[in-house]
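Here the structure is laid out as structure tokens; the discussion comes afterwards.
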Amino acid sequence: MTTYEQLFKNNLQWIEQKTGSDKDFFNQLAKDQNPDYLYIGCSDSRVTAEEIMGLGPGEVFVHRNVANLVNSVDLNVMSVINYAIRHLDVKHIIVCGHYNCGGIKAAMIPKDLGILNPWLRSVRDIYRLHRIELDSITDEHKRYDRLVELNVQEQCINIIKTAALQLTLQEKGYPEVHGWVFDIKTGRIVDLNINYESILKDIKSIYNLTNQ
Ligand SMILES: [Zn+2]
């Protein structure tokens with residue numbers, strides 16, 4: 001285990017490394033943030049945000065929670081999405097799940113999990129929504145992987161349901177919404193190629209908040 005004291009030594013090394021290649025690095029960083037990306041991912045310690053995308057400080061606005069959920073009554077994630085779209089003017093929103101997700105696994109087991117019950121309930125709801133497809137997958141691991149993917153897809157749809165996304169998309173033509181799964185075994189990002197514009201068109205009669 002890395003000791004607590006070591007974290008501060010690491011920090012000094014990181015500062016040296018950053019200023020070594022760019023003396024002005026922290027002056028520029030302190031000015032403002034102007035990220036093009038909003039990343040919503042899982043809290044899992046193995047799935048970092050910036051590192052897997054090769055991005056650095058200032059390049060991505062990040063929100064992480066257990067099982068990368070976008071719940072409409074979660075003030076935290078909704079504030080992040082609203083701020084990212086309306087103030088930071090992000091061009092891309094990424095929901096990134098990952099295979100071997102403990103949150104998704106827990107939701108597949110019908111069991112009392114205390115405070116996690118309401119949180120994971122929305123994943124159980126996704127299972128119910130896609131029950132025919134999921135129950136037809138006999139291999140348990142494959143079914144688990146598929147629920148990880150379907151969860152990402154449904155969280156993308158939850159973003160598409162927000163007024164911030166719909167109004168900004170109508171006005172500016174962005175942000176684009178992307179669904180990814182990070183494969184822990186290979187390190188690769190799998191793009192689920194979610195067609196958010198066609199989904200929006202499809203669900204517009206129910207979720208349209210643009211008054212048009
Ligand atoms: Zn996870």
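Just so it is clear, the values below take in all heavy atoms, side chains as well, and ignore hydrogens, waters and symmetry mates. When a ligand or atom number is given, it counts from 1 through the structure's own listing order.
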Salt bridge present between D125 and R121 (N-O < 4.0 angstrom)
yes
Salt bridge present between R146 and E133 (N-O < 4.0 angstrom)
yes
Within a radius of less than 6.0 Å around OH of Y174, do more than 12 heavy atoms belonging to other residues, nucleotides or ligands occur?
yes
With sequence neighbours excluded, what pairs up with N208 under the side-chain hydrogen bond (donor to acceptor under 3.5 Å, both in side chains) test?
T210
Just by distance, with hydrogens left out, do N151 and E154 show a side-chain donor and acceptor under 3.5 Å apart?
no
Do the ring centers of Y37 and W180 come within less than 6.0 Å of each other?
no
Which N, O or S atoms belonging to the protein are less than 2.8 Å from the Zn ion (ligand 1)?
C42 SG, H98 NE2, C101 SG
